2 protein chains.
Amino acid sequence: MTATFGPGEKLKPAELQGEYGCSANTIRDVLLRLAKVGLVEFEMQRGFRAKHSTPEHRHDVAQFRIMLEQEGARLSILQGGLDWEARLSASHHKLRHIETQIIRDQQHDTYVTLWSDAEYEFHDTLISACKSSVLRETFESIYVQFRQQMVNLERDFGTDYFKAIIVEHQSILDAALARNIAGCQAAIYDHLKRNLSSNHVGPTLQRTAEITA
Amino acid sequence: MTATFGPGEKLKPAELQGEYGCSANTIRDVLLRLAKVGLVEFEMQRGFRAKHSTPEHRHDVAQFRIMLEQEGARLSILQGGLDWEARLSASHHKLRHIETQIIRDQQHDTYVTLWSDAEYEFHDTLISACKSSVLRETFESIYVQFRQQMVNLERDFGTDYFKAIIVEHQSILDAALARNIAGCQAAIYDHLKRNLSSNHVGPTLQRTAEITA
DNA sequence: CTTCCAAGAAATTTCAAAATTTTTGCGATT
DNA sequence: AATCGCAAAAATTTTGAAATTTCTTGGAAG
C-alpha cells in the first residue's frame with residue numbers, strides 16, 4: 001500500500017527474507033495472509049506477486065466498493081439506532097478535522113496514514129449498523145485494495161482535492177443522519193465516481209441530482 | 001464442506017498431520033489458504049477453526065449471495081453476447097439433466113458432488129459476462145461458504161426439493177436469455193429466499209410477482 | 001468466594017535445510 | 001526461422017525441530 005513494490009512485481013520469500021530480518025517461511029506465511037485480504041496475488045506452485053494494476057481493474061474495484069458501501073449504508077440507515085448516529089458523527093468530526101488541517105498545513109504527506117485511517121473509520125462506521133459481518137469484512141478487504149490501487153496512480157492530492165472531499169463526506173453524513181437512503185447512496189456514488197472509467201457500464205445506483213435536492 | 005469438522009471446531013495442525021500424512025506446517029499452509037476462501041477462520045496467535053454456523057450467519061451469507069448474483073446477472077445481461085447465451089444454455093442443460101437423474105434414481109448422495117459442481121457452473125456462468133473479476137471471485141468465495149453453511153443444516157434434500165429447484169433454475173435461465181434484468185433478479189431471489197430467515201431486513205431487490213409476468 | 005499469580009502444559013509460530021516443481025538457456029531438429 | 005527436448009538453475013513447497021506465545025491448573029492473597 002506504500003508502493004514499495006510495483007504492480008505485478010514478483011515477491012520472492014528468499015529475497016525479502018533479508019529486508020525484513022526473518023526466515024523465508026515467515027515471509028511466505030505473511031504473504032498468504034496478505035493474499036487473503038487481496039493485497040497480494042498467489043498462485044499454486046508459482047508464488048506471489050504484488051496486485052496488478054490496470055485502468056480496468058481500478059474501475060472494477062471502485063465499482064464494487066460503491067455497491068458494497070451503498071448496500072451497507074442502506075441496511076445501516078434502516079437498522080441503525082442513536083448509538084450508530086453518534087458514532088458516525090464522531091468519526092466524521094475526526095475526519096473533517098484532519099482534512100481541514102491538511103489544507104491549512106499543506107503537509108499532505110505527513111498526514112497520509114492518519115487521514116487514511118480516519119477515512120476508513122468513517123466509511124466503516126457508515127455501514128457498521130448493517131448487521132452483516134460478511135458485508136463488513138468484504139468491505140474492509142475492498143477498501144484496502146482500493147487504497148492500494150490508488151497509490152500507484154500519481155494523482156494530485158492537492159488542496160482542491162481535499163476541499164472537494166470535505167463537501168462529499170459532509171453530504172454522505174447529512175443524508176445518513178436524515179435517514180435518506182437514496183440520497184446517501186447518491187452521495188456515495190458522487191464521492192467515488194472520480195475513480196470510475198467512462199465507457200463502462202456503471203453501478204445500479206448512481207442517480208444524483210434530484211434525489212439529494 | 002463435507003462436515004468432516006463441526007462448526008467452530010478447532011483445527012490443530014499437529015493433530016491433523018497424522019490424518020493427512022504430511023507435516024504440521026503443510027497443514028498450516030493449507031489452512032491459511034482455506035481461510036482466504038472463507039471456509040476456515042484464522043486469528044493471529046490462536047490458530048484455526050472451522051467456520052462457525054448460526055442462523056444469523058446463514059442468513060447473512062444467503063443475503064450477500066443474492067446481492068452479488070443479482071448484480072452479476074444485471075451486468076451480464078447488459079454486456080453478455082451470443083457466446084454468453086450459449087454457455088449459459090449449455091451449463092443449464094447439464095445441470096437440468098443431473099437434477100432430473102437425481103429425481104429418477106433417488107440416489108441423492110451419490111450425485112451430490114456432481115450436482116454441486118454443475119450448480120456452481122450454472123450460477124457462475126450466469127454472472128460470467130459481468131466483466132468484473134472482483135465480483136466473480138467474491139462470488140466464488142461466497143458460493144463455497146454458502147454450500148458449507150448448508151451442509152451443517154440437515155434439511156430434506158428430497159425429491160420435492162429438486163423438483164422445485166428445476167423450475168427455479170429454468171426461470172433464471174429464461175429471464176436471462178430474455179434480457180429481463182428485473183425478472184432475472186426476482187428469479188434469483190425466489191431461488192434463494194428459502195435460506196433467508198424472516199425477521200430480518202431483506203435484500204434490495206426481491207420483487208417477484210408482477211415482474212416475471 | 002473471587003481474584004491474582006506462577007509454573008507447567010499445550011499450541012502456535014519461526015527457522016534452516018531438504019525435496020519437489022517450475023523456469024531458463026542452449027543446442028538439435030523440423 | 002521456429003519448435004522441441006533436455007539439462008542446469010532458480011523458485012516453490014515440505015519437513016522436523018526449536019523458539020515463542022497462549023492456555024491451563026493449582027495455590028495464595030484479598
Side-chain angles (χ1 to χ4, degrees), chain A residues 1-54 57 113 117 133-134 136-138 140-141 144-145 148-149 151-152, chain B residues 1-54 57 113 117 133-134 136-138 140-141 144-145 148-149 151-152:
Chain A
M1 298 186 66
T2 54
T4 309
F5 307 99
E9 185 178 338
K10 205 125 189 13
L11 303 171
K12 301 177 193 170
E15 287 178 6
L16 297 165
Q17 172 177 25
E19 297 282 334
Y20 292 93
C22 65
S23 81
N25 244 349
T26 303
I27 299 281
R28 178 185 174 81
D29 192 289
V30 168
L31 289 175
L32 279 172
R33 280 145 67 183
L34 284 170
K36 171 174 167 175
V37 193
L39 250 27
V40 162
E41 293 169 7
F42 169 72
E43 211 177 346
M44 264 179 51
Q45 313 282 30
R46 37 190 79 177
F48 305 91
R49 284 179 180 282
K51 257 276 156 73
H52 280 86
S53 185
T54 63
H57 188 243
T113 305
D117 289 351
S133 56
V134 176
R136 194 100 174 270
E137 283 160 25
T138 307
E140 180 174 4
S141 173
V144 171
Q145 289 179 57
Q148 181 192 44
Q149 289 297 315
V151 167
N152 300 311
Chain B
M1 298 186 67
T2 55
T4 309
F5 307 99
E9 185 179 337
K10 205 126 191 7
L11 303 172
K12 300 176 194 169
E15 287 178 6
L16 297 165
Q17 172 178 22
E19 296 282 334
Y20 291 93
C22 65
S23 80
N25 244 348
T26 303
I27 298 281
R28 177 185 174 81
D29 193 289
V30 168
L31 289 174
L32 279 172
R33 279 145 67 184
L34 285 170
K36 171 175 167 176
V37 193
L39 250 28
V40 162
E41 295 168 7
F42 170 72
E43 211 175 346
M44 263 179 52
Q45 312 283 27
R46 35 192 79 178
F48 304 91
R49 283 178 179 284
K51 256 279 156 72
H52 281 85
S53 184
T54 63
H57 188 242
T113 305
D117 289 352
S133 57
V134 176
R136 194 100 176 269
E137 283 160 25
T138 307
E140 179 173 6
S141 173
V144 171
Q145 290 179 56
Q148 181 191 44
Q149 290 295 316
V151 166
N152 301 310

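Bear in mind the structure is a predicted one, so any value in this text is a computation, not a measurement. Order of the sequence lines sets the chain letters (A, B, ...), proteins ahead of strands, with each chain counted from 1. Below, each value reflects all heavy atoms present in this structure, side chains not excepted, and no hydrogens, waters or symmetry copies.
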Winner on side-chain proximity to K12(B), out of dT13(C), dT12(D), dA11(C), is dA11(C)
By side-chain contact (heavy atoms from CB on, under 4.5 Å), R33(B) pairs with (sequence neighbours left out) R28(A), L32(A), F42(A), M44(A), D29(B)
With respect to P13(A), which candidate in N25(A), T26(A), I27(A) satisfies the side chain to side chain contact (heavy atoms under 4.5 Å, CB included) definition? I27(A)
With E41(B) as partner, the option from R49(B), K51(B), H52(B) fulfilling side-chain hydrogen bond (donor to acceptor under 3.5 Å, both in side chains) is H52(B)
Send over the distance from E15(B) CD to dA10(C) P, rounded to a whole Å. 11 Å
dist T54(B):OG1 -> Q149(B):CD (nearest 0.5 Å) comes out at 7.0 Å
To the nearest angstrom, how far is R46(B) atom CZ from dT21(D) atom P? 14 Å
Atom pair distance, as rounded to whole Å: CG in L16(B) and P in dT15(D): 14 Å
Counting only non-hydrogen atoms, which of residues 20-31 of chain B are less than 4.0 Å from DNA chain D? C22(B), S23(B), N25(B), T26(B)
Write down the distance between CD (E43(B)) and C1' (dT13(C)), rounded to a whole number of angstrom. 15 Å
Please state how far atom CE in M44(B) lies from atom P in dT14(C), giving the value in whole angstrom units. 8 Å
State, with a plain yes or no, whether a side-chain heavy atom of H57(A) is found less than 4.5 Å away from one of V134(B). yes
For dA10(D) and K10(A) - does any side-chain N or O of the residue sit under 4.0 Å from the phosphate oxygens OP1/OP2? no
Assess, by modelled atom type and distance only, whether the side chains of Q145(A) and S141(A) contain a donor and an acceptor separated by less than 3.5 Å. yes
